[in-house]
2 protein chains.
Amino acid sequence: MSSPESAAAWKAIAARKQSSRASRIPSKWHIPSSALPKDPPSLENGPQNVLDLPRQFLSSAEIAITEDYTVESLLSALASKKLSCEEVAQAFCHRAAIAHQLTNCLTEPLFDSAVQRAKELDAYLAQNGRPFGPLHGLPVSVKDTFNVKGVDTSIGLAYLCEKPATENAPLVSLLLSLGCVIVAKTNIPQTLASLDSVNNVFGRTMNPINRLCTAGGSSGGEGVLVAMKGSILGIGTDIGGSIRVPAMCNGVYGFKPSNNRIPYGGQALTGREGMSRTSVQAVAGPIARSVRDIDVFLREVIPRATLWAEDCMPCPWPPSSPSSQQIQGSGPNGELVIGILRSDGNCTLLPPITTILNEVAVSLQGTNTRTGAKIVVKELLTPRAWTRSQSVMSKLMGVDGAVVMNHMITSTGEPLVPWMSTRFRAGKAQPLERVAELQAQRSQLEREMLNLWSEVDAHGRRRQTLDAIVCPVAPHPVPPIEGYNAVGMTSSWVLFDYPTGTVPVRSVVEDDLELGRPLPAGNVLGSWDAKCRELWDEHVTDRRVYLGTPLSVQVVVQRGRDDWLCRVMGVIDEVMKSQTQTQSGDVKARL
Amino acid sequence: MSSPESAAAWKAIAARKQSSRASRIPSKWHIPSSALPKDPPSLENGPQNVLDLPRQFLSSAEIAITEDYTVESLLSALASKKLSCEEVAQAFCHRAAIAHQLTNCLTEPLFDSAVQRAKELDAYLAQNGRPFGPLHGLPVSVKDTFNVKGVDTSIGLAYLCEKPATENAPLVSLLLSLGCVIVAKTNIPQTLASLDSVNNVFGRTMNPINRLCTAGGSSGGEGVLVAMKGSILGIGTDIGGSIRVPAMCNGVYGFKPSNNRIPYGGQALTGREGMSRTSVQAVAGPIARSVRDIDVFLREVIPRATLWAEDCMPCPWPPSSPSSQQIQGSGPNGELVIGILRSDGNCTLLPPITTILNEVAVSLQGTNTRTGAKIVVKELLTPRAWTRSQSVMSKLMGVDGAVVMNHMITSTGEPLVPWMSTRFRAGKAQPLERVAELQAQRSQLEREMLNLWSEVDAHGRRRQTLDAIVCPVAPHPVPPIEGYNAVGMTSSWVLFDYPTGTVPVRSVVEDDLELGRPLPAGNVLGSWDAKCRELWDEHVTDRRVYLGTPLSVQVVVQRGRDDWLCRVMGVIDEVMKSQTQTQSGDVKARL
């Protein structure tokens, strides 16, 4: 129990921290309180989409810089001096400042140092006649967890505030060495172990598309900042879904790589040091506006990771991506073979999720006339190993008994945030034998999963028969605040170390609200399932809450095939976009 | 303590097992006892090199098949039907049978099934007009630890005898699917944790070059069988040096890959299942007659590993190797930059080891006129992390307290073999917190090692400055039986997960025995160092014991760069061989 004194401790620290944060938003970038969305969010106030609101406060040049470029074209404009690093950094910082005022997405605005760094890069280019590095001037953001020298890595815990990092995380050093400009660090949930980005120090990050729904987590601030174009690309981390979930919630692309691809070290410790090497490891990865942006970024970062980070392996990245037409899959005629996985056996899919999977399956099948992609779609039976993986994963994530986290929370008298209050339990570390037992179970599940990807012939030779999986990110759409339920569909792929990414497909429209009316009864698969059903049960949830939120799918490939995941996400995205174009073409034709 | 009954248990099992093994050596392949070397080995009997002795009992065709081919040329002869799989299998099985009678290198002769399999491959080729797979008919051997369906995986423990495996290890399935023929399983030490391949079930494997010295371990049988040409390539496993040490002892090439490259699963468990995923993992890798043989073999195996094994990652292997002349290193003009590491700070190098390192350093430096290789050699200061890694590694290897192994040994009343008797200590598993602490120390050491490979410029950008390391395999030459001392120079690289290999350079000659006479006193670095010095101290060891044994070096590259290791080992081997040729040319010229 915390004494009144220690209770005061976290509050005083949080107040100082918030005030320091506010002081780093230049007053010229403040927006009038009349422009702010109405609190509290309610159905009466509507979703209050603020995605495009920053445009009102930006110059046309700033709008162009922050909206009209891809990573590739921005780099090209910077390298050719069409744009200066300084004006690009200014524009993104300005937009990030506005995004923050609308959603509370930042923990550490780094606008001064970003502009300073941008000026140095401009000077370097002027002096040397060549860019500083392959990502010269690229404005990026990083999750609060990453150490940036001289800046707190508080992860929203009072205990960690006002202890600035003494050196950069290896990934930060790598990004800087490539020429990136870091505009801000972004908000996360208390403990990093929930899917709503809220903590006692910085408060809650709001979803800019629909304020009734969650912004997701744990890289929630990143998802929001990238969706609002306050940085061109952001770095999150993921163990249960913390990159893919906020990407889903904010309608952007999230990429969870395999382990040992992107430097992970140099982040705030949420548990005992070294513990993750005994159990299961989180990874760092990008959240971005397009697959192509992710591809161009990772092509520069991943092959250089081993220079900076002891936790990375060499991973060549093909110098250029084949087009959708050129891509060779394992189908009989080189088709890409994509399997559809539906329920994981732990939660029934809610009707809009089944619908979006159906739409994707139908759109992908066959030769796409616009993109030239040749795809065979096959429905997969839910592997027993996928169903079981969720339980093994959740046990492995908890082997340390949350001892360190509990100490950090209680030492300043912090209360638990709402979602954690019923779920956080501190205990003690498991015996090594138990951890070994879980690891053995994990190996067994991994072995079982092999049979999903290949087949053995009569002579005992194996042949690849599946190239990628499409499955839901969650069994439910982007839920109301505090409503995120099951993470099994994201966390399981971390257990298997499969790279996976989120691809947004379309938004929830009025028609979707009619799906499953009345909700079919079906067999309740367990307590998670019961909770999940409430999200589409009109006795519990007003479905209008979902209007405008993104519907996304998850794309999954085999361990270590990260460049392949990028290819497949690109093909799927291109085909789905071509369908939308075709449909609108049809609509136009019919008008 | 074991009762007389249980003491009888292991003896009876071992007797049955030895008799079963003997029955699988066809009587037509028995060699007369007069041909056997004299026991016990002694300086009076001399080294009794039996490497070439099998030739006396083989037909000229069998000698040609087992001696005149590389992996590549043998595969080509098999695919073109110049040789049948059956005659190749017969020849290698015959030679393996003789090698075994001379050295006791096999645990499970698999001659019948090998010839049967070879016939099936011949039939397949005849019927289909194409080879079964890219390794069609290649005769290989595997360490006893690998499961082969229907055969014991006893690893020399009575407890595990007479329990045939119910399925193949993934690596065995993979090898069979590529067309390999498995001629035998090979001998190992009790517990697999020592460097002399001796156990109570199968006895001791002898070094075929010099019976006074150890055959090495734990893949000792593999080292011997490959050196005696009883298989063209063998698969060992390595955590402390168990591939590289027997390669050194028997004058062949050993390749310890990075983790997740070659399927490791499906082997005898020496500890609790899943334990290695919490601590440190052994790897499987080839022992062979040449670097080129290893290259050709791995090129087929590694890219297909993920089809069969949950413990592998994709690892493309370049389709063809650049020549020594073409290889591009990180030197200012593309030179290969090779660092020389000498003492690890735990043991002083004995004079012949310093000498062989000097010879290699001098030979490698500069442009080699015969091979065209351009190399910059630099002497490296011993990194603190390398010195410290040995202790962390040995603690991580012991976290399970040897509980399972102790149970297996004691349950049939087996005594410990001599080397283990003073070193094997069963205890209990460490607390998880302690294992996490060791893993944190490991990460810290890994981070420190990064600075060996690259440098940061004034602008904070990193550049590779080192391509490979040459260091000793051990601080001493191939020691007398039971004399193997320090494994720090091999085990440390497993802690770092660096791929490393053994390259034999030349044999110990009379002149070498004069080195360090008298032995310089120097500072004794610790108990391992004191023990090591005895191996060259004439008051303790008669140096003549070393005559004819191989002197080798270890080549080390960064984690995950396995194909690069193969390239660099090839260049070093080629340059050293060209030197020998030049020297013999000079000698001839002078005659």
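In what follows, chains are A, B, ... by sequence order, proteins preceding strands, each numbered from 1.
The nearest pair of heavy atoms linking T306(A) to Q558(B) is O-NE2, 4.3 Å. Nearest heavy atom pair, residue S177(A) against residue R461(B), reads O-CG, 3.4 Å. Nearest heavy-atom pair, D497(B) versus M313(A), reported as atom, atom and distance to 0.1 Å: OD2-SD, 4.4 Å. When all heavy atoms of E273(B) and R447(A) are compared, the pair lying nearest together is OE2-NH2, 4.1 Å. Heavy atoms only, all atoms of each residue included: T278(B) and Q439(A) are closest at CG2-CG, 4.2 Å. The heavy-atom pair separating L450(A) from W308(B) by the smallest distance is CD1-O, 3.4 Å.
Looking at N451(A), there are no atoms closer than 4.5 Å to chain B (heavy atoms on both sides), in backbone or side chain. Contacts between R462(A) and chain B at a heavy-atom distance below 4.5 Å involve backbone atoms as well as side-chain atoms. Of the two parts of P170(B), neither the backbone nor the side chain holds a non-hydrogen atom closer than 4.5 Å to a non-hydrogen atom of chain A.
Contact count against chain B (heavy-atom pairs under 4.5 Å) is highest for G274(A) among G133(A), S454(A), G274(A), S173(A). The choice from H459(A), E448(A), Q430(A), R304(A) that makes the most heavy-atom pairs within less than 4.5 Å of chain B is H459(A).
Salt bridge present: R277(A) and E446(B) bring a charged side-chain N and a carboxylate O closer than 4.0 Å.
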